[in-house]
2 protein chains.
Amino acid sequence: MTIYDVAREAGVAASTVSRAFSRPGRVNAATAERIREAAGRLGYRTNPLARALVTTRTHMLALAVPDVTNPVFAEVIRGAQAAAGDAGYTVLLADAQESGVRERASLERILSVVDGVVLAGSRMSDSAIRMLAKQKPVVVLNRAVVDVPCVVTDNERGARLVAEHLAGLGHESLAYVAGPEASWADGARWTALREAAADLGLQVRRHGPCTPDVPGGLRAAGELRGRSATAVVAYNDQQAIGLLRGLTAQGLRVPRDVSVAGFDDIDAAALVTPGLTTVAAPLRAEGTTAVRHLLAMVQGAAGHTGAPLVLPVRLVVRGSTAQRRRKRTSPASGTTRVSGSAR
Amino acid sequence: MTIYDVAREAGVAASTVSRAFSRPGRVNAATAERIREAAGRLGYRTNPLARALVTTRTHMLALAVPDVTNPVFAEVIRGAQAAAGDAGYTVLLADAQESGVRERASLERILSVVDGVVLAGSRMSDSAIRMLAKQKPVVVLNRAVVDVPCVVTDNERGARLVAEHLAGLGHESLAYVAGPEASWADGARWTALREAAADLGLQVRRHGPCTPDVPGGLRAAGELRGRSATAVVAYNDQQAIGLLRGLTAQGLRVPRDVSVAGFDDIDAAALVTPGLTTVAAPLRAEGTTAVRHLLAMVQGAAGHTGAPLVLPVRLVVRGSTAQRRRKRTSPASGTTRVSGSAR
DNA sequence: CAACACATGGCAACCGATTGCCTCGGCTCC
DNA sequence: GGAGCCGAGGCAATCGGTTGCCATGTGTTG
């Protein structure tokens with residue numbers, strides 16, 4: 001089923017068939033109708049590859065994520081997918097598997113067939129990204145890279161919200177469990193948290209780096225043992241959940257003995273016990289805005305490489321944070337439970 | 001950077017360059033080396049689209065999933081991605097958003113550029129799938145469709161394992177919370193559970209259908225209120241987690257008053273309290289085997305359309321199931337807690 | 001030494017669209 | 001009535017590879 005078959009069926013030249021589809025108005029309405037009908041009869045579908053070969057537009061976008069199984073990115077993917085689909089674009093996923101090298105490799109493979117790239121939580125170096133941005137339109141998500149269009153969440157405000165929340169509960173000494181070193185968001189969150197803490201007169205210590213997953217949080221719980229912090233803020237929710245479990249396993253009670261908070265508000269945050277207090281990021285929206293920006297660039301607009309576009313966050317308070325209690329007595333032994341409201 | 005540039009640089013014809021890459025042995029080793037070197041110098045990358053246009057092989061595969069954000073499929077995606085990557089193939093994701101119609105639509109869009117399709121948990125009708133399989137190589141995951149190659153998990157054995165586990169704990173009356181009607185796996189699980197229950201002399205009632213997510217489980221918990229079942233098996237882990245919360249909210253204790261089990265063993269199953277007893281499916285392996293089969297077909301092998309390939313499961317016992325207790329006294333009031341082992 | 005096989009490389013058609021340029025007929029306008 | 005314009009459609013080149021077929025040169029064999 002090629003354009004030539006349709007042309008023969010409709011009694012016109014192939015070029016006319018092509019125009020009938022891609023350039024409405026360029027051919028006579030009646031002829032166009034006749035062609036469309038012939039195409040329908042033959043079940044003709046235009047071959048995207050052939051088209052792409054000459055137009056150099058594939059209508060495909062690359063989306064690189066550090067880990068497909070990370071629920072944070074699952075939502076981002078869905079958002080990106082939706083926005084792309086609406087515009088008639090298809091998303092190619094590049095799973096970096098938490099490695100800058102593999103990220104480069106999988107991008108390398110698909111780079112030549114896509115019209116643009118969204119880098120979500122990229123583990124590549126700034127210069128590698130800038131290099132990439134020279135070849136194809138690129139939008140970076142959750143990271144700021146000079147000279148490249150970026151979309152980020154409001155980490156500053158998020159960190160400040162947690163800090164204020166914890167300060168309001170009487171906590172004076174915080175711990176921050178860090179994410180991967182290559183993560184820009186980690187830096188942003190830590191810096192903002194430290195500043196907010198300073199403003200509020202709180203102590204805050206950094207631990208890590210730890211892997212941004214549940215095991216990472218578990219390990220962090222071990223390292224935190226015996227520290228004086230009465231509240232722990234984790235780089236992300238998975239770590240925070242790991243913390244919840246690790247601290248509990250040590251005989252500590254959350255939030256009675258120690259408060260825990262995370263970032264992102266993944267689904268699981270509401271499912272663990274106690275529910276996790278966290279800074280909710282508009283994950284779906286991150287995906288859609290990134291793609292929309294990218295599409296704007298692909299379609300001509302010179303990507304504004306100024307300040308990153310900042311998406312708002314909000315604090316979701318659940319059961320994992322509570323009023324600070326004066327000194328815990330014997331942290332390890334099982335004391336009589338009083339009532340234990342799950343929230 | 002085209003093949004012609006390389007040809008000029010190396011002092012040979014374009015066809016020779018092409019052969020140097022795609023048909024090793026067809027050109028003299030020395031010449032091939034010279035060409036490869038010239039290509040390297042120019043930074044030449046072969047254009048997949050141009051190649052695909054004539055070979056009709058794009059080296060891309062479609063993977064349709066009902067929901068990208070569902071952790072079950074996240075793992076499947078990762079497995080598929082890996083297997084495809086190893087073979088030099090790229091995966092295009094088609095998010096069906098839990099709808100047969102949207103599934104068809106997104107497939108429609110990418111069908112013409114892929115060499116084959118993996119349908120994971122498809123919501124389409126059997127006939128629609130068979131139709132599709134006529135146009136392109138198709139492998140169906142977690143569903144049996146006659147005349148189409150299938151890869152499924154051992155639902156029979158899984159259901160039997162849970163049933164035996166629960167029977168061993170003294171339970172005599174089970175409830176099954178059903179998944180989406182369009183889900184083949186739901187039918188398989190329910191049928192097998194019923195049969196196993198019959199063999200073991202257990203009662204079992206079916207409730208639903210319910211959506212295969214946490215809210216679905218929550219709703220099911222409401223409907224279950226006042227039933228006599230002392231153990232509930234859910235279609236999947238998300239529902240089971242919903243049940244956990246819903247039942248707890250009703251004042252019931254899991255596993256003291258009622259045991260809960262799920263299917264799949266998603267990450268979150270180990271994170272909730274109590275931990276969820278569940279039938280672990282080899283999610284990653286599902287993705288890889290499906291893709292490997294598909295690739296075999298794409299590369300010539302006539303997909304064996306006989307009995308589906310069955311992947312083994314195993315039962316993971318956690319804290320959500322326990323010995324049945326003689327009649328609960330007053331299910332709603334908060335009784336004195338005894339010790340509450342978390343596992 | 002003729003005849004033939006074989007290894008190697010070039011020529012040119014082709015995949016299925018898109019698009020610049022040209023032609024042709026009908027109209028308008030002066 | 002002729003110049004000029006416009007709408008509509010066709011021709012053919014082009015995108016960047018692949019591949020069937022042929023030409024050449026070298027080695028092998030009888």
Side-chain angles (χ1 to χ4, degrees), chain A residues 1-39 42-60 88 90 109-115 135-136 299, chain B residues 1-39 42-60 88 90 109-115 135-136 299:
Chain A
M1 265 330 84
T2 80
I3 210 173
Y4 295 92
D5 300 316
V6 179
R8 195 173 328 113
E9 177 84 7
V12 294
S15 48
T16 307
V17 177
S18 172
R19 282 193 275 256
F21 287 118
S22 53
R23 199 126 345 163
R26 179 63 174 74
V27 319
N28 184 299
T31 330
E33 184 46 42
R34 193 150 43 89
I35 291 173
R36 205 151 298 142
E37 187 191 308
L42 267 50
Y44 165 79
R45 322 242 50 179
T46 143
N47 180 333
L49 277 72
R51 185 213 297 280
L53 185 56
V54 34
T55 59
T56 66
R57 287 268 124 92
T58 59
H59 287 238
M60 299 197 203
T90 302
R109 167 172 297 151
I110 58 178
L111 194 59
S112 55
V113 303
V114 298
D115 293 342
Q135 303 177 44
K136 295 264 175 180
Q299 281 152 16
Chain B
M1 267 326 86
T2 80
I3 209 174
Y4 295 93
D5 300 317
V6 179
R8 194 173 329 114
E9 176 85 7
V12 295
S15 47
T16 307
V17 177
S18 172
R19 282 193 275 257
F21 287 118
S22 53
R23 199 124 350 159
R26 179 61 174 74
V27 318
N28 185 301
T31 334
E33 185 45 44
R34 193 150 42 88
I35 291 173
R36 206 151 297 140
E37 186 191 307
L42 267 51
Y44 165 78
R45 321 244 52 177
T46 140
N47 179 333
L49 278 69
R51 186 213 295 279
L53 185 55
V54 36
T55 58
T56 66
R57 287 269 127 91
T58 58
H59 286 238
M60 299 198 202
T90 301
R109 166 172 297 151
I110 60 177
L111 194 60
S112 55
V113 302
V114 298
D115 293 343
Q135 301 176 45
K136 296 264 174 179
Q299 281 152 16

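Every chain is numbered from 1 and lettered A, B, ... according to where its sequence line falls, protein lines coming before strand lines. In this text, all values refer to a predicted model and were calculated from it rather than measured experimentally.
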Inset, instruction - Provide, to the nearest angstrom, the distance between the CG atom belonging to B:L49 and the P atom belonging to C:dA17. - result: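 Distance, rounded to whole Å: 14 Å.
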Inset, instruction - Could you state the atom-to-atom distance from CD of A:E33 to P of D:dG9 in whole Å? - result: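 Distance, rounded to whole Å: 13 Å.
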Does [N] have OP1 or OP2 under 4.0 Å away from a side-chain N or O of [X]?
X     : N      : value
A:T31 : D:dG9  : yes
B:S18 : D:dT18 : yes
B:T16 : C:dG10 : yes

Sugar-phosphate, base or nothing in reach of [X], heavy atoms under 4.0 Å:
X     : answer
A:V17 : nothing
B:S15 : base
B:R57 : nothing

Legend entry - Distance, nearest 0.5 Å, that separates CD of A:E33 from CG of A:N28: 11.0 Å
Legend entry - Donor-acceptor pair (no angle test) under 3.5 Å: A:R19 side chain, D:dG10 base: yes
Inset, instruction - For DNA chain D, determine which residues of residues 3-11 of chain B have any heavy atom closer than 4.0 angstrom to one of its atoms, and list them numerically. - result: B:I3, B:Y4
Inset, instruction - Residues of residues 21-30 of chain A with any non-hydrogen atom less than 4.0 angstrom from an atom of DNA chain C: list those, numerically ordered, please. - result: A:R23, A:R26
